[in-house]
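Have a look at the structure below before the remarks.
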Amino acid sequence: MTRRFAALAALAVVCAGVELVAGRGMSPGVVWDVVNGGGDATARHIFFQLRLPRLLVSLGAGACLAVAGLVLQSALRNPLAGPEVTGVTPGAVLGAVTATALGLAGWDSPLAVVLAACTGGCAGAALLWLLAGRGRGDPAQTAVHGVLVSAVLGGLTAMVLLVEPGELGSVVQWLVGTTEGRVWQHWHLLWPWALLWGAGAWLLAGPLTLLRCGDDIALTAGLSVRPARTLALLCAVALTAGAVAAVGALGFVGLLVPHLAVAVFGADLRVSLPGAALVGAVVVCGADAAAQLSSRLPAPPGLDSGRFTLPVGALTACLGAALLLVVVRRTPSRTF
């Protein structure tokens, strides 16, 4: 396990280095000069005020989504449960877009966006909990209701777009997910939130392990199932809302990274939860680095090369969809 953590940490360092030198505006040589204390004022501003916070936010958001996904899949005993289909991500997107349309928040006011997204994410989770409450926490019913709630919240987001068509750019950024324009204020808001709720999720590793074994076994072991599941879902909601507030809805990260973490680190959640955080950070950071490298490619005909930037959420969605097909075909009836 130590070697696996060390290997992933080294991979994270490599991805971080690639991301720092990948974008337009600065060559790798200029980045190296800035890191060594040189470079002009413009280069130092780009590196320290734009690229470095963007890197940290991508690492933190990836860790949050991965841990949230593993907590959800363990609490609901559903390998296809994730923040995207439990109402949390659509609710956070709806909250951020609505606040932007009303003029209460914007990309230039990160704190207002974070508060709006967290409020929307909690509202989406509360709606799911109200609908699934009659099922007494049944994992299958909760997953089905989550898909329905996500669809309704997505429809409400589309209605906001119809009322405020000028917010198309904002809606697309939130729905696809992007790390562009992240500044230190985003990072200062994200890391305490991620640390607090990540630690809470790790402390729930024991109850979550029992929940993965089934409610009957958990009850036999003396666990209060409903309070434990409620606390686990609260941690997942908080982690997802914080990540979405920072970078938007990055598709499939919270759904598929937990499978990778369990495959690498095993089923012991005391190990696989920190492992999932590290894998999620590597995945999002690597995807962001690849997205920035794509900006150096020639733009398609008719498109301004200065505006051709592939959102990181587009990469995670495409790769995640392909991996999801593989997971479903290989384990069509898998349950925890």
Side-chain angles (χ1 to χ4, degrees), residues 56-76 81-93 95-96 110-129 142 146 177 179 182 185-212 226-250 253-255 257-258 261-262 265 268-285:
L56 294 175
V57 168
S58 66
L59 292 171
C64 286
L65 290 173
V67 172
L70 183 54
V71 170
L72 284 172
Q73 291 175 8
S74 301
L76 300 179
E84 301 87 350
V85 293
T86 51
V88 181
T89 295
V93 170
L111 178 58
V113 173
V114 168
L115 293 177
C118 288
T119 301
C122 292
L127 179 59
L128 169 63
W129 199 245
T142 301
T179 55
R182 305 305 92 179
Q185 190 173 356
H186 292 95
W187 170 244
H188 293 325
L189 292 171
L190 177 62
W191 77 261
W193 186 267
L195 184 62
L196 172 65
W197 292 104
W202 186 79
L203 292 175
L204 288 172
L208 283 171
T209 301
L210 291 176
L211 290 176
R212 285 165 64 98
R226 294 195 67 183
R229 181 170 285 129
T230 301
L231 288 175
L233 294 178
L234 178 61
C235 284
V237 168
L239 287 168
T240 303
V244 173
V247 298
L250 296 181
V253 175
L255 182 61
V257 168
V262 172
F265 296 101
D268 187 351
L269 292 180
R270 293 172 299 177
V271 178
S272 57
L273 278 171
L278 188 54
V279 175
V282 169
V283 167
V284 175
C285 181

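All values reported here derive from a predicted model rather than from experimental measurement. What you see below is based on every heavy atom in this structure, not just the backbone, and it leaves out hydrogens, waters and symmetry mates.
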key: Main-chain N/O of Leu255 paired to Gln73 side chain as donor or acceptor, under 3.5 Å   = yes
Looking only at heavy atoms, the pair that brings Leu208 and Ala201 closest together is CD1-O, 4.3 Å
Taking every heavy atom of Gly62 against every heavy atom of Val253, the minimum-distance pair comes out as O-CG1, 4.3 Å
What one should report as the nearest heavy-atom pair of Ser272 and Phe265 is CA-CB, 4.0 Å
Interatomic distance, CG@Leu250 vs OG1@Thr179, rounded to 0.5 Å, equals 8.0 Å
Worksheet entry | Check: Ala246 main-chain N/O paired with Arg182 side-chain donor or acceptor under 3.5 Å | yes
Give the table of side-chain donor-acceptor pairs shorter than 3.5 Å for residues 230-241, with sequence neighbours excluded, one pair per line with atom names and distance.
{"unit_1": "Thr230", "atom_1": "OG1", "unit_2": "Arg226", "atom_2": "O", "d": "2.8"}
{"unit_1": "Thr240", "atom_1": "OG1", "unit_2": "Ala236", "atom_2": "O", "d": "2.8"}

Rounded to the nearest 0.5 Å, the CG atom of Leu273 sits from the CG atom of Leu70 at a distance of 5.0 Å
_Assess the residue pair Val257 and Leu65 against the criterion (side-chain contact (heavy atoms from CB on, under 4.5 Å)); give the C-alpha distance rounded to whole Å, side-chain angles, the decisive distance to 0.1 Å, and a yes or no._
CA-CA 9 Å; Val257 168; Leu65 290 173; over 6 Å; no
Got a sec: does the CH2 of Trp187 have more than 12 other heavy atoms crowding it under 6.0 Å?
yes
Taken to the nearest 0.5 Å, the spacing of Trp193 CH2 from Cys64 SG works out to 10.0 Å
In short, Ala277 meets Val67 closest at the heavy-atom pair CB-CG2, 3.7 Å
Note: Pro258 and Gly69 closest approach over all heavy atoms is CG-C, 3.6 Å
Output for pair (Leu196 CG, Trp191 CH2), nearest 0.5 Å, gives 10.5 Å
Could you check whether any side-chain N or O of Arg212 sits under 3.5 Å from a backbone N or O of Ser74, counting only pairs where one atom can act as donor and the other as acceptor? no
Between Leu72 and Gly82, the two heavy atoms sitting closest are CD1-C, 3.6 Å
The reported gap from CG in Leu204 to CG in Leu210 (rounded to nearest 0.5 angstrom) is 11.5 Å
